[in-house]
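Positions are given from 1, in the same order as the sequence printed here.
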Amino acid sequence: MPDKKPGPSSMTGFARQEAQYEWGQLICEIRSVNHRYLEPAIRLPEVLRRLEPQIRESLRKQLSRGKLEVSLHLKRESAELTEGAINQEAASSLLTMLKQLDSKLENPAPTSSIDILRWPGVLQAMELDQDLLQQVTMDIFKAALTQLQDMRRGEGAELANMIEQRLANISESVD
């Protein structure tokens, strides 16, 4: 049941969903606080950037107000990297730069193969199936959005009960 339907609903809430796959872990967090309009801020890894319009549209359809912070994190498994390939061009460029630097130093420390493999861009992970990645990402996002809506409705119902009790106490005092 979307927040746009009648019934007490708070604007504050938090939801977190995560899923583990053979290629890594996906984590989705959504935070919501009071705001006059719907104002989403979405943080995605570069590989998931194309999902932003779809995520914004889902938020717009399901929620009417609140300042939202949506964060999606993709953590690749280290085993995935061992099945990847060495970017020969990046490794060669790095070796050339290291040789140039070493020639200017008096007593350079030796560089190991491990040091070179740790350099960003040298070791490339195997490519993920983009369609599968997008599907599981949207599934985890929708689960987090449902969890957020449930939390907002629960808090809204608690606030409504508290207000009704206070009103009843005021009415009793006035009588």
Kindly give the heavy-atom pair with the smallest separation between [X] and [Y], and that separation in Å.
X: Phe141; Y: Cys28; value: CA-SG, 3.9 Å
X: Ser58; Y: Leu145; value: O-CD2, 4.1 Å
X: Arg56; Y: Pro40; value: NH1-CG, 3.3 Å

Among side-chain atoms of Gln135 and Asp139, is any donor-acceptor pair under 3.5 angstrom?
yes
With a 4.0 Å cut-off on N to O distance, would you call [X] and [Y] a salt bridge?
X: Asp102; Y: Lys99; answer: no
X: Glu29; Y: Arg31; answer: yes
X: Glu69; Y: Arg43; answer: yes
X: Arg60; Y: Glu57; answer: yes
X: Glu164; Y: Arg166; answer: no

Measure the spacing between CD of Gln17 and OG1 of Thr146 and express it to the nearest 0.5 Å.
8.5 Å
Quick one: pull up CD1 in Ile30 and CD in Gln149 and give me the separation to the nearest 0.5 Å.
8.5 Å
4.5 Å side-chain heavy-atom contact, [X] and [Y]:
X: Ile55; Y: Met138; result: yes
X: Leu44; Y: Glu52; result: yes
X: Thr137; Y: Leu74; result: no
X: Ser173; Y: Asp175; result: no
X: Arg152; Y: Ser32; result: yes

State plainly whether one hydrophobic cluster holds both [X] and [Y], where clusters connect Ile, Leu, Val, Met, Phe, Trp and Tyr through side-chain heavy atoms under 4.5 angstrom apart.
X: Met97; Y: Leu95; value: yes
X: Ile27; Y: Trp23; value: no
X: Ile42; Y: Phe14; value: no
X: Leu59; Y: Val33; value: no
X: Ile140; Y: Leu51; value: yes

Could you tell me whether a side-chain N or O of Ser92 sits under 3.5 Å from a main-chain N or O of Glu89, the two making a donor and an acceptor?
no
Asn34/Arg65 under side chain to side chain contact (heavy atoms under 4.5 Å, CB included): CA gap, chis, key distance, verdict:
CA-CA 8 Å; Asn34 190 10; Arg65 294 178 62 190; 3.9 Å; yes
Side chain to side chain contact (heavy atoms under 4.5 Å, CB included) between Leu26 and Gln20, worked out
CA-CA 7 Å; Leu26 263 176; Gln20 187 71 40; over 6 Å; no
Taking it one step at a time, do Arg16 and Glu18 satisfy salt bridge (Lys or Arg N to Asp or Glu O under 4.0 Å)?
CA-CA 7 Å; Arg16 178 184 169 94; Glu18 56 185 271; 2.9 Å; yes
Could you walk me through whether His73 and Gln25 pass the side chain to side chain contact (heavy atoms under 4.5 Å, CB included) check?
CA-CA 8 Å; His73 305 281; Gln25 182 181 35; over 6 Å; no
Heavy-atom count around Arg49 CZ within 6.0 Å, excluding the residue itself: above 12?
yes
Aromatic ring pairing Tyr37/His35, orientation class (parallel under 30°, perpendicular over 60°, tilted between):
perpendicular
